[in-house]
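Numbers here are sequence positions counted from 1. No hydrogens, no waters, no symmetry mates; every other heavy atom, side chains included, goes into these values.
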Amino acid sequence: IEEMRQYVRHATETPIQCMTPHGQLSDNPVMRNVSKTGMCFTTGTKIDAKSNVQLKIPFNGADVELLGTVMWCHDMESHYELGVRFDDNRPDTATKMIEQICSVEEYRQQVKERERRQISSDEAAREWMEKFADGTVQ
């Protein structure tokens, strides 16, 4: 299979919100990876390819709202896995969001290794924001 990706994907387990084309929130969406131009996430809701979706992604203590197009949707038996291309032309926002996600995931790994504590990406994000939000360690 020919690799079509142009940008590196960054793994994460960040809860997000996804509004379907029918105006309903998708069931338990969790971002699995993200790049400058799109993301993969899992959800309990099937959303057809070529559908437009509205995404809310936690970022810097607030939510980034982006529009996207579902490029593919795979039935994984217990959930669906979707690939979404960002339609918003704001690469600076996506880049900042990716940098923060990487920092949070790195922090989560450090907590696991150093403190032997398992925390979710959401918990890691809260802790990371408390410690590093202004750019300095508290």
Where do L55 and M39 land on the side-chain contact (heavy atoms from CB on, under 4.5 Å) test, with the steps shown first? CA-CA 10 Å; L55 303 165; M39 74 162 65; 4.1 Å; yes
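Of the candidates T14, I16, V34, I16 is the only one forming a side-chain contact (heavy atoms from CB on, under 4.5 Å) with F41.
Atom CD1 of I47 sits about 7.0 Å away from atom SG of C73, to the nearest 0.5 Å. Distance check, rounded to the nearest 0.5 Å: NZ of K56 to CG of L25 gives 8.0 Å. In this structure, T42 OG1 and D27 CG are separated by 10.0 Å, a value rounded to the nearest 0.5 Å. The line from CD1 of I57 to CD of Q17 is 11.0 Å long, rounded to the nearest 0.5 Å. To the nearest 0.5 Å, the span separating CH2 on W128 from CZ on R108 amounts to 15.0 Å. Expressed to the nearest 0.5 Å, how far CG of L82 lies from CE of M31 amounts to 13.0 Å.
Linking Ile, Leu, Val, Met, Phe, Trp and Tyr residues whenever their side-chain heavy atoms come within less than 4.5 Å leaves Y80 and V30 in two separate clusters. By the criterion of side-chain heavy atoms lying less than 4.5 angstrom apart, applied directly or through intervening Ile, Leu, Val, Met, Phe, Trp or Tyr residues, V64 is grouped together with V53 in one hydrophobic cluster. There is no path of hydrophobic side-chain contacts, each under 4.5 Å, that joins L66 to M19.
For the pair S26 (side chain) and T43 (backbone), a donor-acceptor distance under 3.5 Å is absent.
Counting all heavy atoms, side chain and backbone alike, W72 lies closest to E81 at CZ3-O, 3.3 Å. Residues C18 and P29 come closest through the heavy atom pair N-CG, 4.0 Å.
For K50 and D48, the salt-bridge test fails: no basic side-chain N is under 4.0 Å from an acidic carboxylate O. Using a 4.0 Å cut-off between charged nitrogen and carboxylate oxygen, E123 and R117 do not count as a salt-bridge pair.
Defined by atom type and a distance below 3.5 Å, a donor-acceptor pair is present between the side-chain atoms of D87 and T69.
Taking the side chain to side chain donor-acceptor pair (under 3.5 Å) definition, one finds that Q54 meets it with nothing, sequence neighbours left out.
Annotation: side chain of M76 is in contact with side chain of H79 (closest heavy-atom distance under 4.5 Å).
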